[in-house]
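For the numbers below, each heavy atom of this structure counts, side chains included, while hydrogens, waters and symmetry mates do not. Here the structure is a predicted model, which is why all the values come from computation and not from measurement. Both counts, for ligands and for their atoms, begin at 1 and track the order of listing.
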Amino acid sequence: MKITIVGSGFVGQTTAMRLIQRGIGEVVLTDIVEGLPQGIALDLKESSPVVRFEPTITGTNDYAEAAGSDVVVITAGFPRQPGMSRMDLLGKNAEIMRNVVERIAPDSPEAIVIVVTNPLDEMTFLAAEVSGFPKDRVMGMAGVLDSARLRYFIAEELGVSPLVVEAMTLGSHGESMVALPRHATVDGKPLPELVDEATIDRLFQRTRDGGAEIVALLKKGSAYYAPSASITQMVGAIADDTREVLPVSAWTTGQYGISDVYVGVPAQLGRKGVEEIVELDLNEDELAALREAAEGIRAKCEDLSKL
Ligand SMILES: NC(=O)c1ccc[n+]([C@@H]2O[C@H](COP(=O)([O-])OP(=O)(O)OC[C@H]3O[C@@H](n4cnc5c(N)ncnc54)[C@H](O)[C@@H]3O)[C@@H](O)[C@H]2O)c1
């Protein structure tokens, strides 16, 4: 697998580290800042004898080195600062996304694209439009991260290992994230049997605000360890063709009564990208929340064409 990461900032570089340490493939790390990807790549290679992995990484400012990529992860763009919403990044990051996709797509026509740049669902749509790639080969990373945050918060609340907690969030990466408490379990037991409704609401709200909580603490920039872990899980599923079901921003074609918009849904990931969107058994409230999230994203994507 040849995996190109566009953007060598915090998310890009931690993703590069995780991918090469796991031996998932050959990584090409790029950025517009001269020397940055080269420096990060060299630093990572120098850690290889100690950590024990094959140093299969190149840092470059030249898109030619990304040609023939199997997977392209796009992390280029501005992160939030304290007090900003993800949507405040729309205009600036749309320009970057257009530029990146125009340069990367022609030489990697078979690539699967994973968008990370915020605002996530809208940037994923833009990447699909600009690349002209089949929509099942373009997806966004947010649901794995939001679900991981939720799983951690549940574990912390109950004083159990995060490893025994399962939970999934759908919808948008932001305020319209859809909570699915009925589908969350701790050691196999449904979450609603273990905590009261007020606690569930608090945990889900903390998850919705999970990115902002970290932005407020860091003061400069946003989260990257949990995001890079989430990207790595998605790339791993694609590289190993595991067909595991992960929540990702995927193009809908009628699932859940939603069409022609990118929104967070459970999807089987494999060598072809999004192999299939999985339809969970949602109740009316959950379905309504998911459809509302989808309509919000659709409206923002329409705004994109006016920029
Ligand atoms: N989807 C998610 O769940 C999620 C999670 C975390 C961060 N993010 C988003 O990911 C993006 C990156 O976050 P970060 O913390 O790594 O930011 P960062 O500022 O550390 O890194 C961004 C990098 O992009 C580079 N860049 C800018 N324009 C470019 C271009 N045209 N071509 C190539 N590279 C370019 C910058 O030079 C910089 O190195 C932000 O938009 C952030 O909001 C999304």
Can you classify the ring geometry of F125 versus W251 as parallel (below 30°), tilted (30 to 60°) or perpendicular (above 60°)? parallel

Could you tell me the residue and atom name of the protein heavy atom closest to [atom], and the distance to it rounded to 0.1 Å?
| atom | result |
| --- | --- |
| atom 39 (O) of ligand 1 | D31 OD2, 2.7 Å |
| atom 11 (C) of ligand 1 | T75 O, 3.4 Å |
| atom 31 (N) of ligand 1 | I96 CG2, 3.7 Å |
| atom 44 (C) of ligand 1 | V116 O, 2.8 Å |

Per-atom contacts, ligand 1 versus [X] - under 4.0 Å to a heavy atom:
| X | value |
| --- | --- |
| V33 | 37 (O) |
| L120 | 1 (N) |
| P227 | 5 (C), 6 (C) |
| N93 | 41 (O) |
| L36 | 39 (O) |
| N118 | 4 (C), 8 (N), 9 (C), 41 (O), 42 (C), 43 (O), 44 (C) |

Any donor-acceptor pair under 3.5 Å from [X] side chain to [Y] backbone:
| X | Y | result |
| --- | --- | --- |
| Y262 | T252 | no |
| Q255 | T253 | yes |
| N283 | E286 | yes |
| D31 | L36 | no |
| D241 | G270 | no |

Assess R137 against F133: is NZ or CZ under 6.0 Å from the centre of the six-membered ring, and within 45 degrees of the ring's axis? yes

Pick whichever of [options] has a heavy atom sitting closest to [atom].
| atom | options | value |
| --- | --- | --- |
| atom 1 (N) of ligand 1 | M141, Q13, K220 | M141 |
| atom 42 (C) of ligand 1 | G210, P79, S230 | P79 |
| atom 40 (C) of ligand 1 | F78, F10, Y225, Y63 | F78 |
| atom 33 (C) of ligand 1 | I32, N61, T30 | I32 |
| atom 24 (O) of ligand 1 | G9, P119, G12, G77 | G77 |

Donor-acceptor contacts, no H, no angles, side chain residues 101-113, under 3.5 Å, sequence neighbours left out:
from: S108; atom 1: OG; to: A66; atom 2: O; distance (Å): 3.1
from: S108; atom 1: OG; to: G68; atom 2: N; distance (Å): 3.3
from: S108; atom 1: OG; to: S69; atom 2: N; distance (Å): 3.1

Would one find an N or O of [X], backbone or side chain, under 3.5 Å from an N or O of ligand 1?
| X | answer |
| --- | --- |
| R80 | no |
| A76 | no |
| V11 | yes |

Does one side chain, of Q38 or N61, offer a donor that lies under 3.5 Å from an acceptor on the other?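 Yes, N61 and Q38 have a side-chain donor paired with an acceptor closer than 3.5 Å.
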
When you compare the side chains of N93 and T117, does any donor N or O come within less than 3.5 Å of an acceptor on the partner? no

Given salt bridge (charged side-chain N to carboxylate O under 4.0 Å, His left out), test E129 with K135 step by step and report yes or no. CA-CA 9 Å; E129 290 293 293; K135 300 273 200 304; 3.4 Å; yes

Reported CZ-to-CG distance for the pair F153 and L203, which is rounded to 0.5 angstrom: 8.5 Å

Would you say A223 touches ligand 1, if touching means a heavy atom closer than 4.0 Å? yes

